[in-house]
Amino acid sequence: MVFGMVSEDNVIEDSVSVEDDFDGDDYDYDDGGDYYDDDYGDAGDDDDDYGLVEDDDFDDPGAMFSRRPKLGYTVLQEADIKQRQEDDISKVSTVLSLSQVEATILLRHYNWNVNEVHDEWFSDEERVRKSFGLFERPVVDVSYANEFTCGICFDLLPCDNFASASCGHPFCRECWQGYICTSINDGPGCLLLRCPEPSCKAAVGPDMIDKLAPCEEKEKYSQFLLRSYIEDNREAKWCPAPGCENAVNFAVGGGDFDVTCLCSYRFCWNCTVEAHRPVDCETVTKWMLKNSVDGENVNWILHNSKTCPKCKRPIEKNQGCMHMTCTPPCSYEFCWLCLRAWSSHGLATGGFYSCNVYEAEMQKGNVDAEMRREMAKNSFEKYTHYYERWASNQSSREKALEDLNRMESENMEKLCNVQCTTMSQLKCITEAWLQIVECRRVLKWTYAYGYYLPEHEKTKTQFFEYLQGEAEAGLERLHRCAEKELDKYVTADGPSSDFDDFRTKLTGLTSVTKTYFENLVRALENGLEDVNSTASNKTASPRSPASPRSPTGRNGKGRGSRGKESPRAGVSPKNVDDTSK
C-alpha cells in the first residue's frame, strides 16, 4: 500500500483530491465512481459543515462554530427560562380553567410537558386530581370554630394562627413554617410537598410557600422550581461549563447534538460532554471512563508488578533473576514466582533458576501469569499511544485558544498599524485560528475513535490512519503558518512586501485543512463503510490484467495535483514540521 502526502509547494495552489493519494491494489476508489469526487469533493458546498468554520461565520458570532443555533436549538438565559415557565403555566391555567398554583403543580408532575397535561386532564380529570392532590373542596370544614388544636404541636390556638392546604387540615403557622423549611433545606423534593396529615395527599403549592416560608427559603424554593423546568424537561439541559447559568433547549430528533452556549462553551447536548464529533457518545463514555482516576496506570501496575509480601509496596521486575530484594528499609528477599521467602529456596527448589512450587501450580492448570502480563503490557502500550496523542491535541487546542485571544486583544491592532492594513483584511488570521481550534478538537477525538477500532478490520484501520494522517499533516502546516510565520509580520519594523502573499497562503491552508477534516469527519461518521462498498465494487468489476491502473489515477496523473506528481514512496516529501522557513 502506498500513502502519499501533498507537498507544501502545491497544497495551496492545487485542489485536494485524497483518492489519488490513497492508492494501491488493495484499495480502488475509482471503480464504479470516484470516492471523493462523489461524496467528499464538494464538501465545502454541503449544507452540513461538520462544525468546521465557514468564511461567512466570521461575521456572525452566534454561528462561529456551528450553524445549528439557527435551526436546532436555542440558548436560554435565566430571564428566558422564567418567561417560558410562566407562559406554560398561563397556558395550562387558561385551557383547563385552573389556578396558577394548580397549573404549576400539574406541570411539575408531568415534567413541564403542556401537551401531556392537556391529554391526561381531558382523559380523566378525576384521576389526575386524586393522583396529585388537587382537591376541589376541603375535606375538613373548620369554618365554624374559633380556635383549634394543632395536629403537630397540640397547642390550642386562635383560628388566625392556623393555615391549611386545599384539604383543609389545620396546623399552626409555626409548625407549617418548620415543616416547609425542613423540606426546602432537604432539597428539590420540596416541590412534591404534601399535607402534614399522614393520611392526606393534598399538594402544597407555591402559594403556601409564599405565605409561610421565610425569605431565604422562598428564594431556594424559587430556584428549585426554576431549575426543575430545565432538569425535568426532556428538551432542555444546563450548559455544563463551570459557572454558566444558561440552558439549551434542543429540538429532539434534529440530528447533530453539538451545541454552542452563549458562554462560547461547545458541548454535546446528548451526553453533556464537550463536543466530540465525529465520535459517538458511547465511545466517548468508554474513553472517559478509561481515563478516569488513573485507571490504566493502576491496571498496568497490577499486571506488571507484584507487591512485596512484607511491606506490600509494588515492585517491578527489571532483571531476569527470580531473586527479588525489596528496597530499604524493608529489604525483604523473596521469590518473584511464588512470593515466598528466598531463604526457603535452595538446591532442593532450584535456587535462582526455577521454583518447584510455581511448576506445581502450573501443572494444576493455572493460567500462565507471564503471558497474561505480556498481554496486559501490550494493551497498555496501545492505550498509551492513543492517550498521549489525545491529550497532546487537547493541550494544543487550549494553547491555540490562548493564542487566538491574544491575537484578537493585542496583536491585531498592532498588525494593522505595522502592515498599514485594515481589520477586514486580517479576517483570514482569525478564521485560521478558529479553524485550528476546531480541528484540534476533531483530531483529539479521532484518537479515541482509533483506539476502539477492531484490530481485525485491517482495511478500515489503514484507511482511517491514512485520512487521519492527511488531516493532521494539513493541520500542522496551518498551525505552523499561523503560529510561526505570522510572528515576523507582527514584530516587523514596517510594512512587509510579501504580507499579501502570506495572507493568500494562510487563506489557502485554512481552506485545504477544512476540506481534509470534512473528509475525515464524514468518513468516521459513516463508520468507514465506504471502504467495504468500494471493495465490493472492485470485486464485481475486476480490472483487466492487460491494462493495469496507473498508480496516480487516470492517464497517469492524479486529479488533485493537476499534472504535478505528488510525493510517493521512495520520494522525500517536504517535512511538514520544518520550521526553518
Side-chain angles (χ1 to χ4, degrees), residues 6-14 16 44 51-65 260 263-266 391-444 471-517 574-581:
V6 179
S7 67
E8 190 171 348
D9 286 344
N10 58 16
V11 70
I12 301 171
E13 176 185 354
D14 302 334
V16 178
L52 302 176
V53 179
E54 294 281 5
D55 294 341
D56 295 338
D57 291 343
F58 181 78
D59 298 322
D60 183 3
M64 187 68 74
F65 293 98
T260 305
C263 68
S264 299
Y265 184 73
R266 190 176 184 197
S392 178
N393 277 285
Q394 171 64 11
S395 300
S396 295
R397 182 176 183 271
E398 292 173 355
K399 179 62 166 57
L401 277 171
E402 294 175 2
D403 291 341
L404 170 61
N405 293 332
R406 184 170 60 253
M407 175 60 65
E408 291 181 328
S409 62
E410 301 175 12
N411 293 341
M412 290 293 274
E413 184 175 354
K414 181 179 180 181
L415 192 60
C416 283
N417 295 332
V418 171
Q419 300 299 332
C420 299
T421 186
T422 62
M423 292 294 289
S424 61
Q425 291 181 312
L426 300 181
K427 171 183 174 181
C428 63
I429 296 176
T430 304
E431 288 176 340
W433 278 110
L434 288 172
Q435 193 71 64
I436 290 168
V437 169
E438 176 61 16
C439 290
R440 286 293 178 193
R441 181 195 65 79
V442 173
L443 187 60
K444 177 183 78 168
E472 188 161 15
L475 175 57
E476 291 300 331
R477 287 191 293 266
L478 174 62
H479 204 157
R480 185 182 69 244
C481 183
E483 187 175 49
K484 305 290 186 182
E485 299 179 25
L486 176 61
D487 188 60
K488 70 176 184 180
Y489 298 104
V490 177
T491 58
D493 296 329
S496 303
S497 58
D498 60 343
F499 183 66
D500 287 341
D501 294 336
F502 168 78
R503 289 195 299 111
T504 302
K505 177 181 179 180
L506 186 64
T507 302
L509 285 173
T510 302
S511 177
V512 167
T513 303
K514 177 177 180 291
T515 301
Y516 274 133
F517 275 85
K574 293 191 176 181
N575 189 341
V576 296
D577 294 324
D578 183 8
T579 57
S580 61
K581 292 188 176 183

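Since the structure is predicted, the reported quantities are computational estimates derived from the model, not experimental observations.
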Using modelled atom types and a 3.5 Å cut-off, is there a donor and acceptor pairing between side-chain atoms of T515 and backbone atoms of S511? yes
Taken to the nearest 0.5 Å, the spacing of Q425 CD from C416 SG works out to 8.5 Å
| message | Using 30° and 60° as the class boundaries, would you call the ring planes of W433 and H479 parallel, tilted or perpendicular? | response | perpendicular
| said: Strictly distance-based, threshold 3.5 Å: is any side-chain N or O of N417 a donor or acceptor partner for the main-chain N or O of E413? | reply: yes
Shortest non-hydrogen pair, R477 vs L509, comes out as O-CD1, 3.9 Å
When every non-hydrogen atom of Y489 is compared with those of L415, the smallest separation belongs to O-CD1, 3.5 Å
CG of N405 to CD of E410, rounded to nearest 0.5 Å, is 10.0 Å
- Apply side-chain hydrogen bond (donor to acceptor under 3.5 Å, both in side chains) to Q394 and E398, showing your working. CA-CA 6 Å; Q394 171 64 11; E398 292 173 355; 2.9 Å; yes
In terms of heavy-atom contacts, T430 and M412 come closest through OG1-CE, 3.6 Å
V490 and K414 have their tightest heavy-atom pair at O-CE, 3.5 Å
Side chain S395, main chain A391, donor-acceptor under 3.5 Å: yes
Smallest heavy-atom separation, V418 atom then A492 atom, equals CG1-O, 3.3 Å
Review point. Would you call K514 and E438 a salt bridge, using N to O less than 4.0 angstrom?
Key: no
Only residue of D501, I429, L486 satisfying side-chain contact (heavy atoms from CB on, under 4.5 Å) with L506 is I429
* Output yes when a side-chain donor or acceptor of T507 lies under 3.5 Å from a complementary backbone atom of C428, and no otherwise. => no
Any sub-3.5 Å donor-acceptor pair from T504's side-chain atoms to D500's backbone N or O? yes
Between the OG1 atom in T260 and the CZ atom in R266, the distance rounded to the nearest 0.5 Å is 5.0 Å
Output for pair (K427 NZ, R503 CZ), nearest 0.5 Å, gives 12.0 Å
Shortest non-hydrogen pair, C481 vs F502, comes out as SG-CE1, 3.5 Å
Notebook entry, point to check: Does the side-chain contact (heavy atoms from CB on, under 4.5 Å) test come out yes or no for R441 and V437, once each step is laid out?
Noted result: CA-CA 6 Å; R441 181 195 65 79; V437 169; over 6 Å; no
Sidechain-backbone polar pair: Q419 side chain, S496 backbone, donor-acceptor under 3.5 Å:
yes
Here the gap from L443 atom CG to S396 atom OG, rounded to the nearest 0.5 Å, amounts to 9.0 Å
**Asked** Between I436 and R440, is any pair of side-chain heavy atoms under 4.5 Å apart?
**Response** yes
- Task: Evaluate the side-chain proximity of Y516 to L475: yes if any heavy-atom separation is below 4.5 Å, no if none is.
- Result: no
Rounded to the nearest 0.5 Å, the CG atom of N411 sits from the CG atom of L426 at a distance of 11.0 Å
- prompt: Sub-3.5 Å donor-acceptor pair from the side chain of E485 to the main-chain atoms of R480, do we have one?
  reply: no
